[in-house]
Structures are given as C-alpha cells and as structure tokens.
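As structure tokens, the structure follows; a few thoughts come after it.
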Amino acid sequence: GDAGDPAVLIQAHVARARVLLIATPDTSRARSMLDTARRLNPTIETVVRTHTDAEAKLLREDGVTGVFMGEHELARGMLRYTLRRLGIAPETRAAH
C-alpha cells in the first residue's frame with residue numbers, strides 16, 4: 001500500500017515499530033508519513049532519503065534520526081570503491 005495513507009501505516013503496526021525508513025522521492029509525502037508515525041509512536045526512530053541539503057537540514061531540525069542524500073551516498077560509495085582498488089582501504093563483502 002501507499003504509506004502516505006495513514007491507514008497503511010496503522011496496518012503496518014507502526015505504533016509498535018522501532019524504526020521507520022522512508023525512501024520516497026516526494027518530500028511532502030515523506031513529511032506526512034513522519035507526522036503519522038510520530039502521532040502513533042512518539043519514540044520511533046526515523047530514517048529518510050532526501051535530495052537536497054536544504055531538505056536534509058529541515059529533516060534534521062524536525063528530529064529525523066538519519067538523513068541520507070543520494071548524491072552524498074553515491075560519492076561515499078565511489079570513494080570507498082576507489083580506496084579499496086588502490087589498496088588503501090580493506091576489502092568488504094559488498095565490494096563491486
């Protein structure tokens with residue numbers, strides 16, 4: 001279902017969840033999900049995908065526990081890969 005619909009979060013038992021992970025590219029929909037989840041479970045940890053530094057700042061100010069921006073995560077992944085290939089960082093299981 002569409003987690004933007006509060007009924008879907010209720011049926012998913014968000015009131016008992018420890019963490020809510022939101023990966024939608026729609027910031028307004030993500031904020032709606034956050035509001036619903038927090039009403040049902042004030043202690044829930046939240047992790048949200050974002051697209052801009054401004055959005056990330058607002059989400060952090062709103063108390064989102066983990067904020068991840070695609071471009072930053074891609075850059076980190078590329079750097080880890082390059083360092084492993086150069087022998088500067090240890091290999092990991094997820095090495096490409």
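- Taking CG from Asp5 and CD from Gln11, the interatomic distance works out to 8.0 Å, rounded to the nearest 0.5 Å.
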Tabulate below the donor-acceptor pairs under 3.5 Å that side-chain atoms of residues 56-67 make, not counting sequence neighbours, or state none.
residue: Lys57; atom: NZ; partner: Glu61; partner atom: OE2; Å: 3.1
residue: Asp62; atom: OD2; partner: Arg31; partner atom: NH1; Å: 3.2
residue: Asp62; atom: OD2; partner: Arg31; partner atom: NH2; Å: 2.5
residue: Thr65; atom: OG1; partner: Thr46; partner atom: N; Å: 3.3

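- Judged by distance alone, the side chain of Ser32 and the main-chain N or O of Ser28 form no donor-acceptor pair under 3.5 Å.
- Interatomic distance, Arg84 CZ to Thr82 OG1, rounded to the nearest 0.5 Å: 9.0 Å.
- Nearest heavy atom pair, residue Arg49 against residue Ala23, reads NH1-O, 2.9 Å.
- Under a hydrophobic-cluster definition in which Ile, Leu, Val, Met, Phe, Trp and Tyr are linked whenever side-chain heavy atoms come within less than 4.5 Å, directly or via other members, Ile44 and Ile10 are assigned to the same cluster.
- When the options Ile22, Leu34, Asp2 are evaluated for a side-chain contact (heavy atoms from CB on, under 4.5 Å) with Arg29, the one that passes is Asp2.
- Here the closest non-hydrogen pair linking Ala30 and Val48 is CB-CG1, 4.4 Å.
- The two residues Asn41 and Ala17 make their nearest non-hydrogen contact at ND2-O, 2.7 Å.
- Residues Leu9 and Ala37 approach most closely at CD1-N, 4.3 Å, considering heavy atoms.
- Under the 4.5 Å side-chain heavy-atom criterion for ILVMFWY residues, no single connected hydrophobic cluster contains both Leu74 and Leu79.
- Under the 4.5 Å side-chain criterion, counting only non-hydrogen atoms from C-beta, Met78 is not in contact with Tyr81.
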>> For Thr50 and His72: C-alpha separation, side-chain torsions, deciding distance, then whether side-chain contact (heavy atoms from CB on, under 4.5 Å) applies.
In response: CA-CA 10 Å; Thr50 188; His72 292 176; over 6 Å; no

